Novice: 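Below are the structure tokens for one structure; questions will follow.
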Amino acid sequence: MADGHKLEIFRGLVKFKSNTQKIWGVLAFLTLITAVEVVLGIIKPASLTDTYVLGMKLINWIFIILTLVKAYYIAWDFMHLRDEKSALRRAIVWTPIFLVIYLVFILLVEADYIYNVYKDGFISWNF
């Protein structure tokens with residue numbers, strides 16, 4: 001592990017003088033991403049809800065991506081992954097990313113199958 005904690009975020013673009021300032025900076029960044037998610041959830045723009053990408057609405061993809069960005073940044077900054085060796089960082093960060101991508105793929109395939117069974121199969125919509 002490195003000797004001391006870095007007082008910068010965004011790969012050195014924003015630098016802080018103390019840990020307290022850095023915590024407030026990270027809080028502001030995570031709050032901004034959360035505010036974007038909340039505003040998109042309230043407004044639900046037609047351009048995002050009517051557009052489908054890989055069988056799912058674009059707004060849902062945006063929510064998934066923003067949530068992954070927040071999770072990555074929390075692990076990167078608060079769990080001090082940026083101070084670790086690159087092999088450990090990759091093992092910790094890439095494993096959940098691949099698992100989430102796999103989970104989304106499985107959910108989309110299964111949901112499409114269930115929809116097609118109800119739509120074209122012998123089972124009718126009874127609810």
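The shown structure was predicted, so the numbers you read here are calculated from the model rather than taken from an experiment. Atom set for the values below is all heavy atoms of this structure, side chains included, hydrogens, waters and symmetry mates excluded.
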Novice: Do Tyr73 and Val100 sit in one hydrophobic cluster, given that two such residues count as connected whenever their side-chain heavy atoms are within less than 4.5 Å of each other, even indirectly?
Specialist: yes

Novice: Taking all non-hydrogen atoms of both residues into account, name the closest pair between Ile59 and Lys44 and its distance.
Specialist: CD1-CA, 4.1 Å

Novice: When rounded to the nearest 0.5 angstrom, what is the spacing between CD1 in Ile64 and OG1 in Thr67?
Specialist: 8.0 Å

Novice: When rounded to the nearest 0.5 angstrom, what distance separates CG in Leu27 from OG1 in Thr34?
Specialist: 9.0 Å

Novice: Could you state the interatomic distance from CD1 (Ile43) to OG1 (Thr49), rounded to the nearest 0.5 Å?
Specialist: 12.0 Å

Novice: Going by the ring-ring contact (aromatic ring centres under 6.0 Å, His included) test, which pairs reach into residues 87-107, not counting sequence neighbours?
Specialist: Trp94-Phe98

Novice: Could you give the distance from CZ (Phe63) to NZ (Lys57), rounded to the nearest 0.5 Å?
Specialist: 11.0 Å

Novice: Treat each ILVMFWY residue as a node, draw an edge where side-chain heavy atoms are under 4.5 Å apart, and state whether Leu66 and Leu32 are in one component.
Specialist: no

Novice: Report whether Met56 and Leu54 are members of the same hydrophobic cluster (ILVMFWY, side-chain heavy atoms less than 4.5 Å apart, transitive linking).
Specialist: yes

Novice: To the nearest 0.5 angstrom, please state how far the CG atom of Leu58 sits from the CD1 atom of Ile65.
Specialist: 8.0 Å

Novice: Taking all non-hydrogen atoms of both residues into account, name the closest pair between Ala75 and Met79 and its distance.
Specialist: O-CB, 3.1 Å

Novice: Do Val69 and Val104 belong to the same hydrophobic cluster, where Ile, Leu, Val, Met, Phe, Trp and Tyr are linked whenever their side-chain heavy atoms lie under 4.5 Å apart, directly or via other members?
Specialist: yes

Novice: Are any non-hydrogen side-chain atoms of Trp61 and Thr51 less than 4.5 angstrom apart?
Specialist: no

Novice: Are Leu40 and Tyr52 linked, directly or through intermediate hydrophobic residues, by side-chain heavy-atom contacts shorter than 4.5 Å (ILVMFWY only)?
Specialist: no

Novice: Please give me the minimum heavy-atom distance between Arg89 and Leu81, naming the atom from each residue.
Specialist: CD-O, 2.8 Å

Novice: Does Leu108 offer a backbone N or O that forms a donor-acceptor pair with the side chain of Asp112 under 3.5 Å?
Specialist: no

Novice: State, with a plain yes or no, whether a side-chain heavy atom of Ile92 is found less than 4.5 Å away from one of Glu84.
Specialist: no

